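Working notes, structure below.
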There are 2 protein chains.
Amino acid sequence: MNQAEVDPTQLLKGVLDLAVLAVLAEADSYGYDVVRRLRENGLDHVGDASVYGTLRRLYQAGALNSYVVPSDEGPHRKYYGLNNRGRKALDQSAQTWVSLSKALNHLLNGRSNGHGK
Amino acid sequence: MNQAEVDPTQLLKGVLDLAVLAVLAEADSYGYDVVRRLRENGLDHVGDASVYGTLRRLYQAGALNSYVVPSDEGPHRKYYGLNNRGRKALDQSAQTWVSLSKALNHLLNGRSNGHGK
DNA sequence: AGTGCAACACCGCATTGCAGAGTAGTGAAA
DNA sequence: TTTCACTACTCTGCAATGCGGTGTTGCACT
(Lines give C-alpha, C1' and ligand atoms only; values in the text may rest on other atoms or scores of the structure.)
Protein backbone atom coordinates (compact mmCIF):
# COMPACT_ATOMS: atom_id res chain seq x y z
CA MET A 1 0.00 0.00 0.00
CA ASN A 2 2.70 2.45 -0.65
CA GLN A 3 1.25 3.79 -3.82
CA ALA A 4 1.90 7.44 -4.30
CA GLU A 5 -1.39 7.79 -6.07
CA VAL A 6 -4.22 9.37 -4.24
CA ASP A 7 -7.48 7.60 -4.35
CA PRO A 8 -10.24 10.02 -5.26
CA THR A 9 -12.08 9.66 -2.02
CA GLN A 10 -9.12 11.03 -0.23
CA LEU A 11 -8.94 14.14 -2.28
CA LEU A 12 -12.05 15.38 -0.64
CA LYS A 13 -10.05 16.04 2.40
CA GLY A 14 -6.61 15.90 0.93
CA VAL A 15 -6.40 19.14 -0.92
CA LEU A 16 -3.31 19.88 1.05
CA ASP A 17 -1.43 17.10 -0.64
CA LEU A 18 -2.07 18.63 -3.98
CA ALA A 19 -1.08 22.07 -2.80
CA VAL A 20 2.16 20.84 -1.32
CA LEU A 21 2.92 18.86 -4.42
CA ALA A 22 2.30 21.90 -6.55
CA VAL A 23 4.54 24.09 -4.48
CA LEU A 24 7.27 21.51 -4.60
CA ALA A 25 6.91 21.28 -8.33
CA GLU A 26 8.01 24.87 -8.65
CA ALA A 27 11.09 24.30 -6.62
CA ASP A 28 12.44 22.07 -3.92
CA SER A 29 12.03 23.39 -0.46
CA TYR A 30 11.77 22.65 3.20
CA GLY A 31 8.80 22.52 5.49
CA TYR A 32 8.99 25.95 6.94
CA ASP A 33 9.27 27.46 3.53
CA VAL A 34 6.47 25.38 2.11
CA VAL A 35 4.20 26.75 4.78
CA ARG A 36 5.27 30.27 3.94
CA ARG A 37 4.71 29.79 0.23
CA LEU A 38 1.37 28.15 0.76
CA ARG A 39 0.24 31.09 2.83
CA GLU A 40 1.48 33.56 0.31
CA ASN A 41 -0.61 31.79 -2.25
CA GLY A 42 -3.90 32.06 -0.52
CA LEU A 43 -3.88 29.02 1.71
CA ASP A 44 -3.46 31.24 4.71
CA HIS A 45 -4.81 29.02 7.40
CA VAL A 46 -2.79 25.90 6.96
CA GLY A 47 -1.15 24.78 10.15
CA ASP A 48 2.50 23.97 10.01
CA ALA A 49 1.90 20.62 11.61
CA SER A 50 -0.39 19.72 8.76
CA VAL A 51 2.30 20.51 6.28
CA TYR A 52 4.93 18.55 8.10
CA GLY A 53 2.56 15.67 8.31
CA THR A 54 1.76 15.90 4.65
CA LEU A 55 5.41 16.06 3.77
CA ARG A 56 6.14 12.99 5.80
CA ARG A 57 3.20 11.13 4.37
CA LEU A 58 4.17 12.03 0.85
CA TYR A 59 7.71 11.03 1.52
CA GLN A 60 6.74 7.72 2.95
CA ALA A 61 4.52 7.13 -0.03
CA GLY A 62 7.58 7.50 -2.17
CA ALA A 63 6.56 10.67 -3.90
CA LEU A 64 9.35 12.81 -2.57
CA ASN A 65 13.02 12.57 -1.98
CA SER A 66 14.75 14.64 0.61
CA TYR A 67 18.16 15.90 1.54
CA VAL A 68 19.44 17.92 4.39
CA VAL A 69 21.21 21.14 3.79
CA PRO A 70 23.20 22.37 6.75
CA SER A 71 22.81 26.04 7.20
CA ASP A 72 25.33 28.30 8.78
CA GLU A 73 22.63 30.76 9.52
CA GLY A 74 20.35 28.57 11.56
CA PRO A 75 19.29 24.99 11.95
CA HIS A 76 19.64 22.61 9.08
CA ARG A 77 17.00 22.59 6.41
CA LYS A 78 15.40 19.43 5.24
CA TYR A 79 14.61 19.91 1.62
CA TYR A 80 12.02 17.93 -0.21
CA GLY A 81 11.70 17.51 -3.92
CA LEU A 82 9.45 15.69 -6.31
CA ASN A 83 10.64 12.54 -7.94
CA ASN A 84 9.01 10.73 -10.83
CA ARG A 85 6.46 9.19 -8.61
CA GLY A 86 5.68 12.57 -7.16
CA ARG A 87 5.25 14.18 -10.51
CA LYS A 88 2.92 11.46 -11.53
CA ALA A 89 0.97 11.84 -8.34
CA LEU A 90 0.77 15.58 -8.85
CA ASP A 91 -0.42 15.05 -12.36
CA GLN A 92 -3.09 12.64 -11.32
CA SER A 93 -4.21 14.59 -8.31
CA ALA A 94 -4.38 17.70 -10.41
CA GLN A 95 -6.64 15.94 -12.84
CA THR A 96 -8.90 14.67 -10.12
CA TRP A 97 -8.93 18.10 -8.63
CA VAL A 98 -9.95 19.65 -11.90
CA SER A 99 -12.88 17.30 -12.29
CA LEU A 100 -13.97 17.85 -8.76
CA SER A 101 -13.64 21.56 -9.11
CA LYS A 102 -15.54 21.50 -12.36
CA ALA A 103 -18.29 19.41 -10.86
CA LEU A 104 -18.59 21.72 -7.91
CA ASN A 105 -18.57 24.84 -9.98
CA HIS A 106 -21.16 23.36 -12.22
CA LEU A 107 -23.32 22.60 -9.24
CA LEU A 108 -22.89 26.08 -7.92
CA ASN A 109 -23.84 27.74 -11.16
CA GLY A 110 -26.38 25.20 -12.21
CA ARG A 111 -29.37 27.02 -10.89
CA SER A 112 -29.40 29.67 -13.56
CA ASN A 113 -29.02 27.58 -16.68
CA GLY A 114 -31.94 26.74 -18.85
CA HIS A 115 -31.28 23.19 -19.84
CA GLY A 116 -29.13 20.46 -18.44
CA LYS A 117 -27.09 18.74 -21.18
CA MET B 1 -21.30 26.07 18.55
CA ASN B 2 -24.04 24.91 16.32
CA GLN B 3 -23.44 27.53 13.74
CA ALA B 4 -24.28 26.49 10.25
CA GLU B 5 -21.29 28.40 9.02
CA VAL B 6 -18.27 26.48 7.97
CA ASP B 7 -14.95 27.61 9.21
CA PRO B 8 -12.42 27.63 6.42
CA THR B 9 -10.30 24.89 7.86
CA GLN B 10 -13.21 22.56 7.56
CA LEU B 11 -13.69 23.12 3.91
CA LEU B 12 -10.53 21.32 3.16
CA LYS B 13 -12.26 18.14 3.99
CA GLY B 14 -15.82 19.28 3.87
CA VAL B 15 -16.41 19.68 0.20
CA LEU B 16 -19.32 17.35 0.58
CA ASP B 17 -21.23 19.85 2.64
CA LEU B 18 -21.02 22.35 -0.11
CA ALA B 19 -22.02 19.84 -2.73
CA VAL B 20 -25.03 18.71 -0.76
CA LEU B 21 -26.04 22.26 -0.08
CA ALA B 22 -25.78 23.07 -3.75
CA VAL B 23 -27.86 20.11 -4.78
CA LEU B 24 -30.48 21.01 -2.25
CA ALA B 25 -30.50 24.54 -3.53
CA GLU B 26 -31.78 23.32 -6.86
CA ALA B 27 -34.58 21.39 -5.31
CA ASP B 28 -35.55 19.68 -2.11
CA SER B 29 -34.84 16.03 -2.00
CA TYR B 30 -34.11 13.00 0.11
CA GLY B 31 -30.90 11.23 0.89
CA TYR B 32 -31.04 8.53 -1.68
CA ASP B 33 -31.80 11.01 -4.37
CA VAL B 34 -29.10 13.39 -3.26
CA VAL B 35 -26.59 10.62 -3.67
CA ARG B 36 -27.91 9.90 -7.13
CA ARG B 37 -27.76 13.51 -8.18
CA LEU B 38 -24.32 13.98 -6.74
CA ARG B 39 -23.08 11.03 -8.73
CA GLU B 40 -24.69 12.25 -11.89
CA ASN B 41 -22.84 15.48 -11.42
CA GLY B 42 -19.40 14.03 -11.26
CA LEU B 43 -19.07 13.27 -7.57
CA ASP B 44 -19.15 9.58 -8.34
CA HIS B 45 -17.38 8.20 -5.34
CA VAL B 46 -19.36 9.61 -2.50
CA GLY B 47 -20.59 7.01 -0.11
CA ASP B 48 -24.25 7.09 0.75
CA ALA B 49 -23.51 6.98 4.44
CA SER B 50 -21.43 10.11 4.07
CA VAL B 51 -24.32 11.87 2.49
CA TYR B 52 -26.75 10.77 5.14
CA GLY B 53 -24.28 11.87 7.73
CA THR B 54 -23.83 15.21 6.07
CA LEU B 55 -27.55 15.67 5.81
CA ARG B 56 -28.00 14.92 9.46
CA ARG B 57 -25.16 17.19 10.44
CA LEU B 58 -26.47 20.00 8.33
CA TYR B 59 -29.91 19.50 9.74
CA GLN B 60 -28.71 19.56 13.30
CA ALA B 61 -26.76 22.69 12.53
CA GLY B 62 -30.03 24.29 11.56
CA ALA B 63 -29.28 24.71 7.90
CA LEU B 64 -32.01 22.43 6.67
CA ASN B 65 -35.59 21.69 7.39
CA SER B 66 -37.11 18.37 6.62
CA TYR B 67 -40.44 16.72 6.09
CA VAL B 68 -41.48 13.19 5.47
CA VAL B 69 -43.34 12.27 2.35
CA PRO B 70 -45.03 8.90 2.45
CA SER B 71 -44.48 7.02 -0.72
CA ASP B 72 -46.78 4.46 -2.22
CA GLU B 73 -43.89 2.90 -4.04
CA GLY B 74 -41.66 2.08 -1.12
CA PRO B 75 -40.72 3.39 2.27
CA HIS B 76 -41.33 6.99 3.15
CA ARG B 77 -38.96 9.61 1.91
CA LYS B 78 -37.37 12.12 4.18
CA TYR B 79 -37.03 15.29 2.22
CA TYR B 80 -34.60 18.02 3.11
CA GLY B 81 -34.65 21.58 2.00
CA LEU B 82 -32.62 24.69 2.56
CA ASN B 83 -33.83 27.34 4.91
CA ASN B 84 -32.43 30.82 5.33
CA ARG B 85 -29.61 29.61 7.42
CA GLY B 86 -28.82 27.02 4.82
CA ARG B 87 -28.79 29.49 2.02
CA LYS B 88 -26.48 31.68 3.97
CA ALA B 89 -24.21 28.76 4.69
CA LEU B 90 -24.22 27.79 1.05
CA ASP B 91 -23.37 31.29 0.08
CA GLN B 92 -20.53 31.51 2.48
CA SER B 93 -19.17 28.09 1.75
CA ALA B 94 -19.35 28.82 -1.92
CA GLN B 95 -17.28 31.90 -1.41
CA THR B 96 -14.67 30.07 0.59
CA TRP B 97 -14.68 27.39 -2.02
CA VAL B 98 -14.04 29.88 -4.76
CA SER B 99 -11.02 31.34 -3.00
CA LEU B 100 -9.64 27.94 -2.31
CA SER B 101 -10.23 26.83 -5.81
CA LYS B 102 -8.63 29.96 -7.16
CA ALA B 103 -5.61 29.52 -4.96
CA LEU B 104 -5.23 25.94 -6.02
CA ASN B 105 -5.65 26.64 -9.68
CA HIS B 106 -3.16 29.42 -9.40
CA LEU B 107 -0.68 27.08 -7.83
CA LEU B 108 -1.28 24.51 -10.50
CA ASN B 109 -0.80 26.89 -13.36
CA GLY B 110 1.83 29.00 -11.76
CA ARG B 111 4.69 27.29 -13.43
CA SER B 112 3.97 28.47 -16.94
CA ASN B 113 2.92 32.04 -16.42
CA GLY B 114 5.42 34.81 -16.11
CA HIS B 115 3.68 36.98 -13.61
CA GLY B 116 0.32 36.86 -12.01
CA LYS B 117 -1.04 40.33 -12.67
C1' DA C 1 -48.38 -16.93 0.53
C1' DG C 2 -43.55 -16.71 0.67
C1' DT C 3 -39.20 -15.29 -1.16
C1' DG C 4 -36.40 -11.99 -2.93
C1' DC C 5 -35.19 -7.64 -4.43
C1' DA C 6 -35.08 -2.61 -4.96
C1' DA C 7 -35.79 1.82 -2.90
C1' DC C 8 -34.94 4.10 1.36
C1' DA C 9 -33.04 5.55 6.06
C1' DC C 10 -29.69 5.17 9.50
C1' DC C 11 -25.91 3.55 12.77
C1' DG C 12 -21.14 2.04 14.60
C1' DC C 13 -16.49 1.38 13.86
C1' DA C 14 -12.04 2.09 12.07
C1' DT C 15 -9.13 5.00 9.41
C1' DT C 16 -7.21 9.18 8.38
C1' DG C 17 -6.39 14.00 7.70
C1' DC C 18 -5.93 18.60 9.91
C1' DA C 19 -4.71 21.69 13.52
C1' DG C 20 -3.16 23.17 18.15
C1' DA C 21 0.21 23.05 21.44
C1' DG C 22 4.36 21.68 23.04
C1' DT C 23 9.59 20.29 22.59
C1' DA C 24 14.05 21.26 20.82
C1' DG C 25 18.01 23.23 18.65
C1' DT C 26 20.72 27.19 16.12
C1' DG C 27 22.40 31.65 15.24
C1' DA C 28 21.77 36.64 15.76
C1' DA C 29 20.09 40.69 18.14
C1' DA C 30 18.99 43.02 22.53
C1' DT D 1 22.14 36.12 29.03
C1' DT D 2 17.66 36.40 27.51
C1' DT D 3 15.12 36.63 23.67
C1' DC D 4 13.71 36.00 19.12
C1' DA D 5 13.28 34.38 14.32
C1' DC D 6 14.12 30.02 11.95
C1' DT D 7 13.60 25.21 11.52
C1' DA D 8 11.98 20.39 12.55
C1' DC D 9 9.11 17.26 14.65
C1' DT D 10 5.81 14.81 17.95
C1' DC D 11 1.62 13.99 20.61
C1' DT D 12 -3.01 14.35 20.91
C1' DG D 13 -7.84 15.49 19.95
C1' DC D 14 -11.50 16.19 16.79
C1' DA D 15 -14.17 15.72 12.95
C1' DA D 16 -15.17 13.65 8.44
C1' DT D 17 -15.28 9.73 5.24
C1' DG D 18 -16.46 5.19 4.04
C1' DC D 19 -17.58 0.42 4.79
C1' DG D 20 -20.57 -2.90 6.20
C1' DG D 21 -24.50 -3.92 8.55
C1' DT D 22 -29.56 -3.34 10.08
C1' DG D 23 -34.28 -2.59 9.28
C1' DT D 24 -38.53 -1.24 6.66
C1' DT D 25 -41.85 -1.11 3.01
C1' DG D 26 -43.76 -2.31 -1.34
C1' DC D 27 -43.49 -4.96 -5.78
C1' DA D 28 -42.49 -8.82 -8.84
C1' DC D 29 -41.86 -13.56 -9.12
C1' DT D 30 -42.69 -18.09 -8.19
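Since the structure is predicted, the reported quantities are computational estimates derived from the model, not experimental observations. Chain letters run A, B, ... following the sequence lines, proteins first and then strands; every chain starts at 1.
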Please report, rounded to the nearest Å, how far the P atom of C:dC10 is from the CG atom of B:L58.
14 Å

Expected list for residues 46-55 of chain B: side-chain donor-acceptor pairs under 3.5 angstrom, two or more places apart:
residue, atom, partner, partner atom, Å
B:Y52, OH, B:Y32, N, 3.4
B:T54, OG1, B:S50, O, 2.7
B:T54, OG1, B:R57, NH2, 3.4

Do A:L18 and A:T96 come within less than 4.5 Å of each other through their side chains, counting heavy atoms only?
no

Base, sugar-phosphate, or nothing for A:R56, non-hydrogen atoms under 4.0 angstrom?
base

Value in whole Å for how far the C1' atom of C:dC8 lies from CG of B:D48:
10 Å

Side-chain contact check for A:S50: nearest option of D:dT7, C:dA19, C:dA7 is C:dA19

Identify, with sequence neighbours excluded, every residue that meets salt bridge (Lys or Arg N to Asp or Glu O under 4.0 Å) alongside A:D33.
A:R36, A:R37

Give the B/S/- string for nucleotides 23-30 of chain D, one per nucleotide from 5' to 3', where a protein heavy atom under 4.0 Å of the base yields B, of only the sugar-phosphate yields S, and otherwise -.
-BBSS---

Within this structure, what is the CG-to-P distance between A:D17 and C:dA19, rounded to whole angstrom?
12 Å

Integer-rounded Å distance: C:dA9 P and B:K78 NZ
9 Å

5'-most contact on DNA chain C: A:R57 or B:A49, nearest heavy atom basis?
B:A49

Any side-chain heavy atom of A:L90 sitting closer than 4.5 Å to one from A:L24?
no

D:dC9 phosphate, OP1 or OP2: any side-chain N/O from A:Y52 under 4.0 angstrom?
no

Is it the case that atom OH in B:Y59 sees more than 12 heavy atoms from other parts of the structure closer than 6.0 Å?
no

For B:Y80, report the nucleic acid contact type (base, sugar-phosphate, nothing); a contact means any heavy atom under 4.0 Å.
sugar-phosphate

From OH of B:Y32 over to P of C:dC10, roughly how many Å is that when rounded to an integer?
14 Å

Quickly work out the B:D33 CG to C:dA9 C1' distance and round it to whole Å.
14 Å

From the options B:L21, B:V20, B:N83, select the one residue that forms a side-chain contact (heavy atoms from CB on, under 4.5 Å) with B:L64.
B:L21

Under a 4.5 Å side-chain heavy-atom rule over Ile, Leu, Val, Met, Phe, Trp and Tyr, are B:L107 and A:Y30 clustered together?
no

Respond yes when some side-chain nitrogen or oxygen of A:T54 is under 4.0 Å from OP1 or OP2 of C:dC18, and no when none is.
yes

Between C:dA21, D:dT7, D:dG18, which nucleotide gets closest to the side-chain atoms of A:R36?
D:dT7

Using whole Å, what does the distance between atom C1' of nucleotide C:dC18 and atom CG of A:L43 come to?
13 Å

To the nearest angstrom, the OH-P distance between B:Y59 and C:dC11 comes to 13 Å

